[in-house]
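Some notes on the structure that comes next.
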Amino acid sequence: MIKRLNNKKLGILFGIAVLGLLWNCKSTDVTKGESYLSEIHSLEQLMQNDTYYIEVDVAYPFVTAATQQVANAILMPGTGNSASRIDVAGDGHFIEIQADTVKGDLSFFGERRLNGGSYGRANGGIVFEGIPKAYEKTINKKNRTLNIEFNISGEGTENYDINLKVYPNQKAVVDVRSNFRTVMRYDGRLKPKDDSK
């Protein structure tokens, strides 16, 4: 008899838990649906723009274990930076897109594979300006991002493949691949053109 009562109580508790779970899932789905539609609408509006200005705040170099060990031990103690995450906020790094022209000035902390002709530069960063090749804008509805991809020439024979992802909250992630350098990733924010200069 006692065993039946315990089983009955467990069955009732299990039923209440399942109903509570179903109720919470339903209300979350409605909120997610409204949020999703709002974010997609925001991205569609962003896609109509011809001008974008990304202000870069953080650089994420691709480094080897040896480079990371040296940088963490010697170059950046006490700064809050590491070899794999470097705060560059306020240093003036950016990517600007205006109609059919792109311009960028980004820091570079990775490793060079070959001499791309930029060792003589004062800062050795990633700098480009001109008309891009294979420029494409798309909305990724699953990840809720506006994706902008293009290829642009730098100094000498260096080329950059650039992939920008802009989120509805104006956060931006930039991936840069070079034929002479290791991969770099940057985080930043989409800013109105008037606030960028």
Side-chain angles (χ1 to χ4, degrees), residues 46 52-98 101-138 140 142-191 195-197:
L46 273 176
Y52 303 92
Y53 186 89
I54 309 291
E55 186 176 86
V56 173
D57 298 324
V58 180
Y60 298 95
F62 175 81
V63 292
T64 63
T67 305
Q68 186 166 2
Q69 187 176 14
V70 169
N72 287 341
I74 299 171
L75 302 176
M76 301 177 214
T79 63
N81 293 324
S82 69
S84 58
R85 184 194 183 281
I86 302 166
D87 187 342
V88 295
D91 291 348
H93 299 293
F94 69 93
I95 291 181
E96 181 179 352
I97 300 171
Q98 283 191 327
T101 304
V102 296
K103 181 178 182 182
D105 187 347
L106 303 168
S107 55
F108 180 72
F109 300 99
E111 300 173 4
R112 296 181 191 276
R113 295 187 193 116
L114 299 169
N115 182 0
S118 57
Y119 274 114
R121 292 203 45 201
N123 66 7
I126 295 173
V127 178
F128 53 86
E129 183 173 2
I131 298 172
K133 300 173 201 147
Y135 182 85
E136 184 178 352
K137 287 196 296 188
T138 57
N140 184 324
K142 182 180 177 185
N143 295 330
R144 302 179 194 188
T145 58
L146 169 64
N147 294 350
I148 303 173
E149 298 179 14
F150 59 89
N151 180 280
I152 186 84
S153 297
E155 290 186 339
T157 57
E158 190 161 17
N159 289 305
Y160 304 110
D161 288 321
I162 300 188
N163 183 338
L164 281 122
K165 290 180 184 166
V166 181
Y167 293 85
N169 65 0
Q170 310 296 304
K171 181 183 177 211
V173 175
V174 182
D175 290 314
V176 178
R177 296 185 183 281
S178 166
N179 55 334
F180 293 129
R181 307 173 196 231
T182 53
V183 175
M184 286 287 295
R185 192 185 109 218
Y186 305 90
D187 283 351
R189 303 222 26 107
L190 183 66
K191 300 277 188 176
D195 294 347
S196 64
K197 299 291 179 183

Side-chain heavy-atom pair [X], [Y] within 4.5 angstrom cut-off:
X	Y	answer
Thr182	Pro61	no
Tyr60	Arg85	yes
Val166	Tyr52	no
Ile95	Val102	no
Lys103	Gln98	no

Minimum-distance pair of heavy atoms, taken over all atoms of [X] and [Y]:
X	Y	answer
Ala59	Met184	CB-CE, 3.9 Å
Arg144	Pro168	O-CD, 3.3 Å
Ser107	Val88	OG-CG1, 3.8 Å
Thr157	Asn179	O-ND2, 3.2 Å

[X] side, atom [atom1]; [Y] side, atom [atom2] - distance, nearest 0.5 Å:
X	Y	atom1	atom2	answer
Asn159	Arg177	CG	CZ	14.5 Å
Asp161	Ile152	CG	CD1	11.0 Å
Leu164	Lys137	CG	NZ	11.5 Å
Phe108	Phe180	CZ	CZ	12.5 Å
Ile162	Ile126	CD1	CD1	7.5 Å
Ile54	Glu96	CD1	CD	10.5 Å

Exercise for the section: Quick one: list whatever passes salt bridge (charged side-chain N to carboxylate O under 4.0 Å, His left out) with Arg185, sequence neighbours left out. Expected result: Asp187
Practice task
Name all residues meeting the side-chain hydrogen bond (donor to acceptor under 3.5 Å, both in side chains) criterion together with Lys165; count only those two or more places apart in sequence or in a different chain, and write none if there are none.
Solution key: none
Exercise for the section: With sequence neighbours excluded, tell me which residues meet side-chain hydrogen bond (donor to acceptor under 3.5 Å, both in side chains) with Thr145. Expected result: Asn147
Handout entry: Ring geometry between Phe128 and Tyr160 (parallel below 30°, tilted from 30 to 60°, perpendicular above 60°)
Key =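 Tyr160 vs Phe128 ring planes: tilted.
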Checking the side chain of [X] only, and the main-chain atoms of [Y] only, is there a donor and an acceptor separated by less than 3.5 Å?
X	Y	value
Asn169	Lys171	yes
Asn163	Asp175	no
Tyr186	Val176	no

Exercise for the section: Count the heavy atoms belonging to other residues, nucleotides or ligands that lie under 6.0 Å from OH of Tyr135, then report whether that count exceeds 12. Expected result: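 Atom OH in Tyr135 is crowded, with more than 12 foreign heavy atoms closer than 6.0 Å.
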